[in-house]
Amino acid sequence: MASAAALGGFARFYCRAGVAAEIPKRASMAKPSNLLKVAVGQMTASADIQSNFQTCAGLVQEAVAAGAKLLSLPECFSFIGSKEGESLSIAEPLDGPIMKSYQNLAREAGLWLSLGGFQEKGPDAGHLYNTHVVLDDAGGVRGVYRKIHLFDVDVPGGPVLKESRSTAPGSDIIAVDSPIGKLGLTVCYDLRFPELYQQLRFQENAQILLVPSAFTKKTGEAHWEILLRARAVETQCYVIAAAQAGKHNEKRESYGDALIIDPWGTVIARCADKEATGIAVAELDHQFLESVRQRMPIGQHRRYDIYGHSSGGAIGTTPHEVTSSL
Ligand SMILES: O=C(O)CNC(=O)[C@H](CS)NC(=O)CCC(=O)C(=O)O
């Protein structure tokens, strides 16, 4: 769905700057090959691994029926426990039976899967990794990202969560190639750390940022959409944010509202009901992404010289080398 308001905004911006307005068009201008359908999932996981799998399999079927090439599932897609230490007891290595069942699912459906927040067996008996795994359409593991920011927070008016009690942080930034573009892998609370997303865009050349989450109801109401849209705008990437939704058990409730956002910051897909299980589908348009990046060349204006790391794949290294049209 083309966001006329966003494009109109772009045109006005250029007119004010005294540059001839040439409005980037999306679907109408792009060749069909530029349009790639993706799906984002929303669900209410429980402590029943089998029933969570059935739910995910249903979402996979819906995504295939909609013609999507990739489906992103939320953090804790395979399990959300209600008791302390329960996650540790079900944690498995990536070559264990749980991940194997999702690999079979991806292969049988011929669908890429982004599986946010898998309870991966960790470095010691007391800690797991909160791992985002990307599977290709043959079920092969293409990307493994271990959440680097752990949610140790006393949510004002909400729960106290201390993720580091049973989770070890990862330390690597991960981006992987896919048929829909370069994917930047993150998980949930990472969303609050923009530097990670800057690195994914400007060092790793990500085009699509994945943020599978289980946001709390309280923080979701206040911050979910605004943070996601900010990450999309400041990185000029598509953002796909799968979400846990609703009540998992007596103690735990998630905000929901799975979203897909375009590089101009427009929400282009959202599940109809914030709290229900389902998917939302959108078309990614790389021509549109490129036009946003060309017309607002923050990749060239970024002060790599001051920030202290290399330019990665961006064009131009310092503003002095760049002639801006703005
Ligand atoms: O514990 C598990 O079962 C899996 N992990 C999670 O659900 C994590 C850690 S508790 N949740 C978040 O990061 C929420 C972040 C959030 O809500 C915010 O940033 O506002």
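Both ligands and their constituent atoms are indexed starting at 1 by order of listing. Keep in mind that this is a model prediction, so the values were computed, not measured.
Look at C76 and you'll find a heavy atom under 4.0 Å from some atom of ligand 1. The shell of residues lying under 4.0 angstrom from ligand 1, judged by heavy atoms, includes T216.
For the residue pair T167 / Y129, no side-chain donor-acceptor distance below 3.5 Å is found, with atom types taken as modelled. Defined by atom type and a distance below 3.5 Å, a donor-acceptor pair is present between the side-chain atoms of H248 and S254. Between the side chains of R192 and H223, at least one donor-acceptor pair of N or O atoms lies under 3.5 Å.
An N or O contact shorter than 3.5 Å links T219 to ligand 1 by distance. For ligand 1, the polar-atom distance check finds an N/O of R192 within less than 3.5 Å of one of the ligand's N/O atoms.
For F151 and Y189, the distance between ring centers is under 6.0 angstrom. Checked against the 6.0 Å centroid threshold, F118 and Y102 do not count as a close aromatic pair.
Taking each of K147, E163, R252, Q244 in turn, the one with a heavy atom nearest to atom 7 (O) of ligand 1 proves to be R252.
Both the backbone and the side chain of A214 come within 4.0 Å of ligand 1, judged by heavy-atom distances. The residue H248 has no part lying near ligand 1, judged by heavy-atom distances below 4.0 Å. Only the side chain of E75 comes within contact range of ligand 1, with a heavy atom under 4.0 Å; no backbone atom does.
With respect to atom 10 (S) of ligand 1, the closest heavy atom belonging to the protein is F151 CD2, 3.9 Å.
Using a 4.0 Å cut-off between charged side-chain N and carboxylate O, K147 and E163 make a salt bridge.
In this structure a side-chain-to-backbone donor-acceptor pair under 3.5 Å is present from R293 to Q236.
Each of the following atoms of ligand 1 lies closer than 4.0 Å to a heavy atom of C188: 11 (N), 12 (C), 13 (O), 14 (C), 15 (C).
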